[in-house]
Amino acid sequence: MTDTVFVLNGPNLNLLGTREPEIYGHDTLDDIAGRLEDRARELGLRVDLRQSNHEGHLVEWLHEAQAVDARAVLLNAAAYTHTSVALHDAIKGIRTPVIEVHLSNPHKRESFRHVSLVGSAAKGTIAGFGAMSYMLALEAAARF
């Protein structure tokens with residue numbers, strides 16, 4: 001197992017900081033990445049942070065995480081959380097542990113967000129703590 005943790009982000013997360021800040025906060029993805037990199041160094045880990053608005057990229061990156069024997073994947077699949085059988089199957093198909101991450105708490109939002117196809121395949125879920133959700137997930141990954 002390598003010391004690398006993949007941090008994969010789905011659609012519209014490139015707009016963090018400006019998109020619905022009352023829900024997602026004011027932190028940008030770069031802000032979150034900087035804090036994750038700092039904490040990862042302290043934990044003796046390295047993060048590989050990626051974002052795509054395309055489902056297929058996320059599937060391929062999950063496969064890559066296994067191929068490079070990554071320690072874990074932190075996955076914020078965003079809207080694909082609720083719709084992607086492809087991501088569900090990719091998570092089930094790899095041995096790399098996946099932690100589902102959400103800035104908001106999907107259960108306190110619209111009813112269509114209450115079902116997580118990603119979460120049903122993931123090792124665990126951390127949601128509702130804003131940008132801190134990523135940090136909590138990294139702490140969990142460090143303990144695998």
Side-chain angles (χ1 to χ4, degrees), residues 1-17 19-20 23-25 27-144:
M1 175 184 339
T2 67
D3 63 351
T4 301
V5 175
F6 279 45
V7 182
L8 306 181
N9 295 279
N12 301 309
L13 291 171
N14 55 303
L15 301 177
L16 283 180
R19 176 183 171 228
E20 299 180 275
I23 295 173
Y24 301 110
D27 289 311
T28 67
L29 201 52
D30 285 342
D31 294 336
I32 293 168
R35 288 197 296 275
L36 280 171
E37 289 167 353
D38 291 346
R39 182 62 183 139
R41 252 189 315 281
E42 293 169 0
L43 293 168
L45 300 173
R46 186 177 83 73
V47 294
D48 184 339
L49 190 132
R50 304 173 187 191
Q51 187 277 328
S52 180
N53 294 319
H54 304 282
E55 182 180 32
H57 291 158
L58 297 169
V59 170
E60 290 172 358
W61 293 338
L62 286 164
H63 297 173
E64 183 183 339
Q66 176 173 276
V68 301
D69 201 24
R71 173 180 295 269
V73 174
L74 313 184
L75 174 60
N76 184 342
Y80 291 139
T81 297
H82 319 289
T83 64
S84 182
V85 173
L87 286 174
H88 174 275
D89 289 352
I91 294 166
K92 297 287 278 188
I94 64 173
R95 67 183 172 276
T96 307
V98 175
I99 302 172
E100 178 186 35
V101 177
H102 295 288
L103 295 159
S104 67
N105 180 349
H107 297 286
K108 293 180 79 174
R109 299 186 60 200
E110 303 93 340
S111 62
F112 70 85
R113 296 185 195 276
H114 296 179
V115 174
S116 172
L117 299 179
V118 167
S120 65
K123 181 171 183 70
T125 299
I126 299 177
F129 298 99
M132 183 58 68
S133 293
Y134 286 90
M135 301 300 284
L136 295 168
L138 182 64
E139 294 289 336
R143 287 163 176 73
F144 291 154

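Throughout, numbering of the chain's residues begins at 1 and tracks the sequence.
A search for side chain to side chain donor-acceptor pair (under 3.5 Å) contacts involving Thr96 returns nothing, not counting sequence neighbours. Contacts of Asp31 classified as side chain to side chain donor-acceptor pair (under 3.5 Å), with partners at least two apart in sequence or in another chain: Thr28. By the side chain to side chain donor-acceptor pair (under 3.5 Å) test, His57 is found to be paired with Ser52, residues two or more places apart in sequence or in another chain being considered. Scored by the side chain to side chain donor-acceptor pair (under 3.5 Å) test, Asp38 finds Arg41 as partners (sequence neighbours excluded). Among residues two or more places apart in sequence or in another chain, the ring pair (Phe, Tyr, Trp, His ring centres under 6.0 Å) test is passed with His63 by none. Looking at residues two or more places apart in sequence or on another chain, you find a side-chain contact (heavy atoms from CB on, under 4.5 Å) between Ser120 and His88. For Leu43, the side-chain contact (heavy atoms from CB on, under 4.5 Å) criterion is met by Arg39, Leu45, Leu138, Glu139, Ala142, not counting sequence neighbours. Under the side-chain contact (heavy atoms from CB on, under 4.5 Å) criterion, Thr83 pairs with Tyr80, not counting sequence neighbours. In terms of the salt bridge (Lys or Arg N to Asp or Glu O under 4.0 Å) criterion, residue partners of Glu64 (sequence neighbours excluded) are, by chain and number, Arg50. Qualifying salt bridge (Lys or Arg N to Asp or Glu O under 4.0 Å) partners for Asp89, counting only residues two or more places apart in sequence or in other chains: none. Qualifying side-chain contact (heavy atoms from CB on, under 4.5 Å) partners for Ala33, counting only residues two or more places apart in sequence or in other chains: Leu49.
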Residue pair Val98, Lys123: steps toward the side-chain contact (heavy atoms from CB on, under 4.5 Å) verdict
CA-CA 6 Å; Val98 175; Lys123 181 171 183 70; 6.0 Å; no
Working note: Ser133 + Ile126, criterion side-chain contact (heavy atoms from CB on, under 4.5 Å); need CA distance, chi angles, decisive distance, verdict.
CA-CA 6 Å; Ser133 293; Ile126 299 177; 4.1 Å; yes
Show your reasoning for whether side-chain contact (heavy atoms from CB on, under 4.5 Å) applies to Ile91 and Glu100.
CA-CA 10 Å; Ile91 294 166; Glu100 178 186 35; over 6 Å; no
Output, in order, the C-alpha distance, side-chain angles, deciding distance and verdict of side-chain contact (heavy atoms from CB on, under 4.5 Å) for Leu29 and Asn14.
CA-CA 6 Å; Leu29 201 52; Asn14 55 303; 5.5 Å; no
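In this structure, the side chains of Leu74 and Leu8 stay at 4.5 Å or more apart for every pair of heavy atoms.
The two residues Pro11 and Ala77 make their nearest non-hydrogen contact at CD-O, 3.5 Å. Of all heavy-atom pairs between Ala137 and Val101, the closest is CB-CG2, 3.6 Å. When every heavy atom of Ser84 is checked against every heavy atom of Leu117, the shortest pair comes out as N-CD1, 3.7 Å. When every heavy atom of Val47 is checked against every heavy atom of Ala40, the shortest pair comes out as CG1-CB, 3.8 Å. Minimum interatomic distance between Ala78 and Gly10 (heavy atoms only, all atoms of both residues): CB-C, 4.2 Å.
Pairs passing the ring pair (Phe, Tyr, Trp, His ring centres under 6.0 Å) check and including a residue from residues 120-144, sequence neighbours excluded, do not occur.
Rounding to the nearest 0.5 Å places CG of Asp27 at 9.5 Å from CE of Met132. The distance from atom CG of Asn76 to atom CG of Leu13, rounded to the nearest 0.5 Å, is 4.5 Å. One distance of note links CG of Asp30 with CZ of Arg35; it measures 11.0 Å at 0.5 Å rounding.
One N or O on the side chain of Thr2 and one on the backbone of Asp69 form a donor-acceptor pair closer than 3.5 Å. When atom types are taken as modelled, the side chain of Thr81 and the backbone of Val118 share no donor-acceptor pair closer than 3.5 angstrom.
Asn53 and Gln51 share a side-chain donor-acceptor pair at under 3.5 Å.
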